[in-house]
Amino acid sequence: MKAHDGMYIGGAWRPATGADTIAVVNPVDEQVIAHVPAGTAEDVDAAVAAARAALPGWAATPPAERGAVIGALRDALAARKDEIAETVTAELGSPLPFSQMVHAAVPIAVAGGYAELAASYAFQEKIGNSTVLLEPVGVVGAITPWNYPLHQIVAKVAPALAAGCTVVLKPAEDTPLVAQLFAEAAHEAGVPAGVFNLVTGLGPVAGQALAEHEGVDLVSFTGSTAVGKQIGATAGAAVKPVALELGGKSANVILPSADLAKAVNVGVANVMSNSGQTCSAWTRMLVHADQYDEAVELAAAAAAKYGERIGPVVNAKQQARVRGYIEKGVAEGARVVVGGPETPHDQGYFIAPTVFADVRPEMTVAQEEIFGPVLSILKYADEDEALAIANGTVYGLAGAVWAGDEAEAVAFARRMDTGQVDINGGRFNPQAPFGGYKQSGVGRELGPHGLGEYLQTKSLQF
Ligand code: NAD
């Protein structure tokens, strides 16, 4: 697999300041496929300086022109869609069709959306005798995880560029190759030198240096709640805005009037997709006591079918972590109906698709984010109990409600403490605001709400 041995800073690939590298491993066969440089604080300094120098020119570029550059970036990504899909498959282990349909296609759509939005967004508004200007926040430090590696990059970089900000990106250490491909596409698209910069490296080194950098005006972070809390504290101490997209433990609430088979089957597919490494996955299925046994049977049959189709999780650490959670579920008295902690293959970081029944709300598998193909099915006696269980974690990122009548589902969704709810299997909308309540985060990504995160307001009185 092709890899750059430098950092993309100030419009060119520059040698890294240190000699350390990060090995990129294919999770399917555990083979090293490439090495990328492990960035240092000096690399981050150089990238922030380049972003700072480029800021006045880019911020003053008319929004429609910024939109045209983002449109060219979209086209450059589209021209590389096969290479993107193959790269994500190689470094994340995701099956190729899923890489094509999701990991490559969604970021192209999101970039296209921001190309249009940059041109049409109202960067100015009138309120009484005031004109309110929406101005770019400045230099953005973007830190991204590996689970949807290109999507998370584009969900930060495209709106930041649309807003007139410049960016330094520190992508996840497990998936740096698709980030390098993104930098190539940005270069080819004519993103001006310094407007987008890439520093690969380890979280506690390059990531932390970026999060703490005085020259960064806003940190936009997607990742674990533990690291997010640390980044939020650093930003708070420096009185800087921060956007945090963190973990989730979302509930899939199946009300008694729902089409049970459909709700269960879609719910299982939602959890197993991307090998369970989706922050918004509906990892807790809530079923009425009268339908519980039938739902468990349906879920077991649906999950068993995933056995051969599912990819591995991203690395050995994640595999050990997920197996540990499955063992803990068993130890706390949940019943494994499919799967279990044994690894299904001798090689690769695979986890058997696993379904737990008889899960109680206080169990670890019902409270903590597992980030693997593990579903917990819980029983409720009435709607109030379903709501208490649904809202009964520290998280609030996503969720689903199924009912025979849409209005009934919406009434329940209104009472959920969570950032997005899919009603009767509603489709993902890449323009809708995405983000969390409670410890799932601060701020929103995607669409006009995502663009707004990169703007600050100035009022002129007349
Ligand atoms: P992580 O927090 O370990 O890493 C995320 C990023 O932060 C990586 O680039 C990493 O290098 C960097 N990082 C690590 N330590 C750092 C530090 N001390 N300072 C600065 N940067 C640091 O998370 P992960 O394991 O890569 O990703 C999985 C987590 O991300 C899950 O909890 C998942 O729910 C969450 N996630 C949330 C969303 C969302 O939109 N809410 C989306 C995807 C993933």
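The first residue in the sequence is number 1, and the count goes up from there. Numbering of ligands and ligand atoms starts at 1, following listing order. Just so you know, these numbers come straight off a predicted model, no measurement behind them.
Remark: ligand 1 and P145 share no N or O pair separated by less than 3.5 Å (distance only, no angle test). On a distance-only criterion, N147 and ligand 1 share no N/O pair closer than 3.5 Å. Residue T144 has at least one nitrogen or oxygen atom sitting less than 3.5 Å from a nitrogen or oxygen atom of ligand 1, judged on distance alone. Among the atoms of L246, some N or O lies under 3.5 angstrom from an N or O of ligand 1. In terms of N/O distances under 3.5 Å, ligand 1 is not approached by S440.
Between H151 and F428, the ring-plane angle classifies as perpendicular under the 30° and 60° cut-offs.
For E368 and Y325, the side-chain atoms include at least one donor-acceptor pair closer than 3.5 Å. Between the side chains of W402 and N252, at least one donor-acceptor pair of N or O atoms lies under 3.5 Å.
Within a 4.0 Å radius of atom 4 (O) of ligand 1, the protein has no heavy atom.
In terms of protein heavy atoms, atom 25 (O) of ligand 1 is closest to W146 NE1, 3.4 Å. Among protein heavy atoms, the minimum distance from atom 17 (C) of ligand 1 is reached at G203 O, 3.5 Å. In this structure, the protein non-hydrogen atom closest to atom 43 (C) of ligand 1 is Q152 NE2, 2.8 Å. For atom 42 (C) of ligand 1, the nearest protein heavy atom (residue, atom name, distance) is C279 SG, 2.9 Å. Looking from atom 34 (O) of ligand 1 to the surrounding protein, the closest heavy atom is E369 OE2, 2.6 Å. In this structure, atom 35 (C) of ligand 1 lies nearest to the protein heavy atom G223 O, 3.0 Å. Atom 1 (P) of ligand 1 has as its closest protein heavy atom S224 OG, 3.6 Å. Nearest protein heavy-atom contact of atom 11 (O) of ligand 1 is E173 OE1, 2.5 Å.
Side chain of N274 to backbone of N147: a donor-acceptor contact under 3.5 angstrom is found. Judged by distance alone, the side chain of E173 and the main-chain N or O of G203 form a donor-acceptor pair under 3.5 Å. Panel note: side chain R284, backbone K249; a donor-acceptor pair is recorded below 3.5 Å.
Residue-ligand proximity, G247 to ligand 1, at heavy-atom distances under 4.0 Å covers atoms 34 (O). Of all the atoms in ligand 1, the ones that sit under 4.0 Å from a non-hydrogen atom of G207 are 19 (N), 20 (C), 21 (N). Listed by number with element, the atoms of ligand 1 under 4.0 Å from a non-hydrogen atom of Q208 are 18 (N), 19 (N), 20 (C). Of all the atoms in ligand 1, the ones that sit under 4.0 Å from a non-hydrogen atom of P171 are 9 (O).
Here the closest heavy-atom approach between residue Y8 and residue F196 is recorded as CE2-O, 3.4 Å. Between L397 and T418, the shortest heavy-atom contact is C-OG1, 3.1 Å. Nearest heavy atoms, F356 versus A334: CD2-CB, 3.6 Å. A pairwise comparison of heavy atoms in R335 and D358 identifies NE-OD2, 2.9 Å as the closest pair. Residues T222 and P145 come closest through the heavy atom pair O-CD, 3.2 Å.
Within a 6.0 Å radius of CD in E214, other residues, nucleotides and ligands contribute 12 heavy atoms or fewer. Applying the 6.0 Å contact sphere to CG of N429 captures more than 12 heavy atoms from other residues, nucleotides or ligands.
K156 places none of its side-chain heavy atoms less than 4.5 Å from the side chain of V167.
Of the listed residues (Q230, H151, K170, R444), the one carrying the non-hydrogen atom nearest atom 18 (N) of ligand 1 is Q230.
Ligand 1 is approached by F434 to a heavy-atom distance shorter than 4.0 Å. A172 counts as a contact of ligand 1, since one of its heavy atoms falls under 4.0 Å from the ligand.
Contact annotation for Q277 and ligand 1: no heavy atom of the residue comes within less than 4.0 Å of the ligand. Under 4.0 Å from ligand 1, heavy atoms of T222 appear from its side chain as well as its backbone.
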